Every structure is written in structure tokens, then in C-alpha cells.
Amino acid sequence: MLKDELFDYLLAEYPKKKYHECGYEGNFLDIIASMSCTEAQEKAFLSLIENQIKVEEKKEYSDYAVVNLLQLKCNYLEQNNRKSEAYAIIRENIHFHDFRQKLIDEAIIKKHFDEARQLCLDGIVIADKNRASGIAGMFRVNLLKIARAERDVAEIKKWTEFLFYDNYFDMKYYRELKATYDIENWTEKCEQIINKIRKPEMRGGHDAANTIAGIFIEEHYFERLLALLKLNPSRIVFIDTYAKHLQDRYPMEILELYENSINEYAKS
């Protein structure tokens with residue numbers, strides 16, 4: 001009886017605004033879900049979630065709260081051996097990227113790669129329309145994952161190169177892209193990448209200069225790295241970052257770079 005009284009109390013208290021203003025409402029739902037043990041209580045619990053979803057949908061930024069509520073409902077159904085109902089909710093709410101990702105993961109596990117790929121492509125269209133570049137990027141990472149699973153070299157090349165540029169020149173994608181080329185063809189491709197990134201005389205954009213420096217180190221282009229440092233004589237932090245890769249090979253040149261950079265810094 002005490003348990004039923006507590007269930008009814010929480011059911012009545014949950015909708016009150018004072019709990020939602022401090023972020024405590026999720027605790028109510030977790031407890032209510034764990035206490036639901038009759039058909040009537042289950043019905044009341046699921047109805048409570050549906051009503052709160054309607055409340056949240058009226059707010060300007062509702063996606064996060066709605067997804068959490070739907071996820072809670074799915075978890076409850078799955079825990080009570082009603083997986084088909086939970087799956088139906090996920091399918092009905094595929095416009096939310098969290099649920100689309102669940103379907104993508106499931107399709108990849110089952111090796112339904114065509115289905116997974118289409119889910120990603122459709123997700124990218126929606127994300128681009130909503131100007132959600134981070135979510136679009138997430139789906140592109142999934143496309144790379146699918147390409148790896150299928151051992152599709154052309155697709156691996158496509159998505160590693162895209163993700164390299166799209167993720168602030170993340171070198172892990174550079175290395176994976178490089179692994180898809182033989183040595184002769186990579187030399188040409190590497191120069192194409194450098195030319196696409198570089199600024200006039202490799203000055204200007206800090207990220208561009210650092211990325212090219214990273215590529216020179218990766219490729220053991222130490223003479224070119226030294227030339228790059230010489231093109232940025234007033235940037236002592238830039239020089240200091242990469243001097244360790246050159247000081248044994250070009251000790252006098254590095255010493256001169258530091259001297260000139262410090263003099264330039266002193267003048268400013």
C-alpha cells in the first residue's frame with residue numbers, strides 16, 4: 001500500500017513546474033518506472049510521458065527533452081519484453097538523429113550496409129537543411145565506417161579526405177587516406193592536399209601553417225619544414241613548436257630563427 005501511495009504521489013507531483021525548473025524531474029520518471037507493476041500503473045506512467053512530450057513540444061527548443069522522454073519510454077518497453085513497440089517508436093521518430101543513429105548501428109551490426117548507408121545519406125540531407133554541421137559530420141563518419149566494413153577503397157578515400165578537411169585537418173583521417181594509396185600515387189596526392197590548404201607563401205592562417213607543418217613532419221619533409229619556419233620569422237611560438245624536429249639536422253639555422261624571432265618580438 002505504501003508503494004502504491006508513493007507511486008500516486010510521484011505521479012501527481014511530476015507535472016508541477018517547480019521540479020522542472022531545477023532539472024529534478026528526471027528522477028521522478030526513473031522512480032515511477034521502477035515502481036510500475038500493474039497494468040493500470042503502467043498505463044498511467046506511459047500516459048504521463050506522452051503528456052509531458054506535448055508540453056515540451058510547445059517550447060522553442062524541445063528536441064533534447066522530447067528525445068529523453070521517448071528514450072525513457074523505449075527503455076521501459078524493452079525492459080518489459082516489448083521490444084517491437086520500442087522499435088516502432090524509434091522508427092516513428094527517425095527525424096531525431098539519436099534514433100536514426102540507433103537504426104544505423106543496428107543495420108551495420110546486421111551487415112545491412114545499403115540500408116545503413118541510405119539512413120546516413122538521408123540524415124545528412126536533414127542535418128544540412130537544419131544547418132546542423134556536427135550531426136551531418138556524425139553521419140559521414142558512419143559512411144566511412146560502412147566503407148571500411150565493405151572494404152570499399154574508393155569510398156574510404158572519399159570520406160577520409162572529406163573528414164580530414166571537415167574536422168579541422170584531423171591527421172588520423174590523413175593517415176587513413178594515405179594508407180589507401182601506393183607510394184608513387186601518394187606523392188602526387190600529398191602535394192594536392194598541401195596546395196589546397198596553403199595560404200600565399202604559407203603565411204596567414206594559423207591552422208593552415210600548422211597543418212602543413214604536421215604534414216611535412218608526417219612525410220619527413222624536414223627541409224620544407226625549415227623553409228616554412230623561415231616564412232614565419234616573427235612567430236616564435238610557431239618556431240618553438242616545430243624546432244625540436246629540426247634542431248639536430250639544422251642547428252645553426254634554428255638558432256638563427258630564434259635570434260631573428262626574438263629580435264622581431266622585442267621590436268613589437
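For clarity, every value in this text was computed on a predicted model and none was experimentally measured.
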Hey, quick one: are [X] and [Y] part of the same hydrophobic cluster, counting side-chain heavy atoms closer than 4.5 Å, chains of contacts allowed?
X      : Y      : answer
Tyr64  : Leu29  : no
Val55  : Leu46  : no
Val125 : Leu119 : no
Tyr265 : Leu229 : no
Tyr250 : Leu255 : no

Indicate the atoms forming the closest heavy-atom contact of [X] with [Y], along with that distance.
X      : Y      : result
Ala147 : Glu155 : CB-CB, 3.6 Å
His245 : Arg249 : O-NH1, 3.3 Å
Gln41  : Ser36  : C-OG, 3.5 Å
Asn232 : Ile239 : O-CD1, 3.8 Å
Asn142 : Cys120 : CB-SG, 3.4 Å
Ile194 : Phe216 : CD1-CE2, 3.7 Å

Inspect the surroundings of [atom1] in [X] and state if more than 12 heavy atoms from other residues, nucleotides or ligands are less than 6.0 Å away.
X      : atom1 : answer
Glu223 : CD    : no
Gln192 : CD    : yes
Tyr258 : OH    : yes

Taking the side chain as every heavy atom from C-beta outward, state whether [X] and [Y] have any pair of such atoms under 4.5 Å apart.
X      : Y      : result
Tyr221 : Ile215 : no
Asp170 : Leu163 : no
Lys43  : Glu39  : no
Met171 : Glu218 : yes
Tyr242 : Leu228 : no
Glu188 : Tyr181 : no
Tyr173 : Val141 : yes
Ile135 : Ile126 : no

Excluding sequence neighbours, so at least two apart, what forms salt bridge (Lys or Arg N to Asp or Glu O under 4.0 Å) with Lys189?
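Lys189 satisfies salt bridge (Lys or Arg N to Asp or Glu O under 4.0 Å) with Glu161 once adjacent residues are dropped.
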Would you please say whether a donor-acceptor pair under 3.5 Å links the side chains of [X] and [Y]?
X      : Y      : result
Glu176 : Trp159 : no
Thr211 : Tyr174 : no
Asp114 : Gln118 : no
Gln101 : Asp105 : yes

In Å and rounded to the nearest 0.5 Å, what is the [atom1] to [atom2] distance from [X] to [Y]?
X      : Y      : atom1 : atom2 : answer
Ile108 : Leu103 : CD1   : CG    : 11.0 Å
Arg100 : Asn93  : CZ    : CG    : 11.5 Å
Phe99  : Gln71  : CZ    : CD    : 5.0 Å
Leu143 : Ile104 : CG    : CD1   : 8.0 Å
Ile49  : Asn68  : CD1   : CG    : 11.0 Å
Glu5   : Leu10  : CD    : CG    : 12.0 Å

List the steps and the verdict of side-chain contact (heavy atoms from CB on, under 4.5 Å) for Leu177 and Lys157.
CA-CA 6 Å; Leu177 175 63; Lys157 285 181 177 180; 4.1 Å; yes
Cation-pi check, Lys102 onto Phe96 ring (under 6.0 Å, within 45° of axis):
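Not flagged: Lys102 not positioned over aromatic ring of Phe96.
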Chi angles and distances behind the side-chain contact (heavy atoms from CB on, under 4.5 Å) call for Leu257, Leu226
CA-CA 10 Å; Leu257 276 170; Leu226 178 62; 3.9 Å; yes
Apply salt bridge (Lys or Arg N to Asp or Glu O under 4.0 Å) to the pair Lys178 and Glu219, showing each step before the final yes or no.
CA-CA 10 Å; Lys178 180 179 179 179; Glu219 304 298 337; 3.1 Å; yes
One pair to check against side-chain hydrogen bond (donor to acceptor under 3.5 Å, both in side chains): Glu264 and Asn260. What are the steps and the verdict?
CA-CA 6 Å; Glu264 287 292 324; Asn260 293 337; over 6 Å; no
Check step by step if salt bridge (Lys or Arg N to Asp or Glu O under 4.0 Å) holds for Lys59 and Glu56.
CA-CA 5 Å; Lys59 299 178 182 178; Glu56 297 296 340; 3.3 Å; yes
Go through Phe7 and Leu11 one step at a time and tell me if the side-chain contact (heavy atoms from CB on, under 4.5 Å) criterion holds.
CA-CA 6 Å; Phe7 181 91; Leu11 207 67; 4.0 Å; yes
For Glu50, what residues pass the side chain to side chain donor-acceptor pair (under 3.5 Å) criterion, not counting sequence neighbours?
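Residues passing side chain to side chain donor-acceptor pair (under 3.5 Å) with Glu50: Lys73.
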Could you give all pairs that pass the ring-ring contact (aromatic ring centres under 6.0 Å, His included) test and reach residues 117-140, with sequence neighbours left out?
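Pairs touching residues 117-140 that pass the test: none.
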Is there a side-chain contact (heavy atoms from CB on, under 4.5 Å) between Arg140 and Lys158 once you walk through the steps?
CA-CA 10 Å; Arg140 291 186 176 103; Lys158 173 183 176 180; over 6 Å; no
